[in-house]
Amino acid sequence: SVLRDLDENSNGELTTTLNNLLWFSPGNSGNSTNKIVQPRISLTSQLANFFQAYVLNEGACNEVPPDLDDLAVDETSLFNVRERFLHELKDLAQPERDRLAHYVCGKCHFLVASTQDEARAHLIFKRMNERGKTLESYDLLKADIVGQVSNEDSEDVDVSWRQAQERLGPEFGALFSHLRVIHDTTRGRALWAIRAIMHKVGGAAPFVKQELAPYAEVYQQIRLGQLDKGIYPPEIREKLVSLGRLSGDEWLPATLLALKPGSFSQQETIQLIESIERYAYLVRLQMLVVYKRRRRFSEIARAVRDGTALTDADQVFFISPEDYRAVFFNLRELYARSQKNCKAVLLRLNDHAAGRPVVLTPADFSVEHILPRRTKASGQWRKSFPDAEVRTVLTHSLGNLALVTEPQNQKLSNKEFDAKRKILLNAEEHGELQPVTRDILQSETWDSEAIRAREGRMLRAIKDIWKILPKA
């Protein structure tokens, strides 16, 4: 198309030859005078219109869409490819473009790889990726799903699919993994699992419109920065902000189920989201490894889907006395056991201290040890905490930890407490100190009494938030 539209002799034989590579007349023997009526490459309806308007039709490569900033993902991809060819070919002299066009017409071949065997389809998919044609895992799924849709539903299904893909962008593929957990089809190949879900919900069209599309909308709201738009009541929003700070996503399928429109009443949804958030933090504070967390949350997703997460909540979200003891033990040295979990807990305590969810970017913050982990042998810290064993325990205490920005952390460094307090006071005066850190300013000196008192306040706050701790 680009070579054709750059041809200076637009009515010449070469233009006609190039057009014949792009269009054909079904049943045309070559001697017929029938007009070319059909493109050789067939795309879905909406994308086909864009493809014809800006690539296939004569002169189309010289046209620019009026809504260039609002193109769909696949339209943008097509347009970018076209523009790359235009950029590379426009500076060539016409004789050079003619030689390239003759080479394309006479030496290049277009091959169609087709198979009815699923194993071979996966092999073709793998080989194409290895040879440079990058395909996403859901490309094969889309071909299979759309191929099962009736003609009357094909356009609606295609629009719903495209909208879901545009909502999630690079995270679109992850949604299929969560759908498999939601429908308890995690074993076997992805294609087989999605087919099982389609059969369960009544076919390809219901799957796309009743499962993929609504879950994509919820996924976008809770994972892609949509929580500040007032979609959910404060009780739910607070918990979703908190969940979003955790590394890992094993909690997502159960959360998607709870938030799917029409599934539960608002009060039931609040109850479920509170239980999911609480449990997500508890399993991390037990230091459970990923596969154990996934296994537990798969069971929770099943219970939410079946309705037993509400009727048998005590069993579904059960935490044993031993689990509570593990949580309490790990909180004593949380930073040393998991820096990610420690930051997440401090951020949650920050919400509690503020009385509302504090929306911030976790990556911009770090955990500061007021009593430094490294102290000078002749410094004031060693004089204030002469016992090395006691000093180590207090250093890792939750009460010794502050949530600060990275620049603040660099300023605080290993300074003595008086200097650190001045830095924090300056941050407070400029409105840059987080609520969970503010109570440090109440102490004139930073000794074991101050650290243990603050640890007690923080543990009581945790008990209020998640109702998990025995008396400290």
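As the structure is a prediction and not an experimental result, all values here were calculated from the model. Numbers here are sequence positions counted from 1.
For the side chain to side chain contact (heavy atoms under 4.5 Å, CB included) test, residues two or more places apart in sequence or in another chain that qualify with E428 are L433, R438, L441. Considering only residues two or more places apart in sequence or on other chains, R337 meets the side chain to side chain contact (heavy atoms under 4.5 Å, CB included) condition with M287, F329, N330, E333. Among residues two or more places apart in sequence or in another chain, the side chain to side chain contact (heavy atoms under 4.5 Å, CB included) test is passed with N350 by V358, L360, L403, Q434, P435, V436. F297 pairs by the ring-ring contact (aromatic ring centres under 6.0 Å, His included) definition with Y279, not counting sequence neighbours. Residues satisfying the ring-ring contact (aromatic ring centres under 6.0 Å, His included) test with H178, not counting sequence neighbours, are Y219. Contacts of S298 classified as side chain to side chain contact (heavy atoms under 4.5 Å, CB included), with partners at least two apart in sequence or in another chain: V181. For F264, there are no ring-ring contact (aromatic ring centres under 6.0 Å, His included) partners at least two apart in sequence or on another chain. Not a single ring-ring contact (aromatic ring centres under 6.0 Å, His included) links Y215 to another residue, sequence neighbours left out.
A salt bridge (Lys or Arg N to Asp or Glu O under 4.0 Å) check over residues 339-354, counting only residues at least two apart or in different chains, returns the pairs E238-R348, R245-D351, E277-R348. The ring-ring contact (aromatic ring centres under 6.0 Å, His included) analysis of residues 58-101, with sequence neighbours excluded, yields no pairs. Among residue pairs with one or both ends in residues 209-219, those qualifying as salt bridge (Lys or Arg N to Asp or Glu O under 4.0 Å) are E211-K260; sequence neighbours excluded. For residues 52-71, the ring-ring contact (aromatic ring centres under 6.0 Å, His included) pairs, not counting sequence neighbours, are F50-Y54.
A 6.0 Å sphere centred on CZ of R40 holds more than 12 heavy atoms belonging to other residues, nucleotides or ligands.
Here the OG1-CD1 distance, from T255 to I273, works out to 4.5 Å after rounding to the nearest 0.5 Å.
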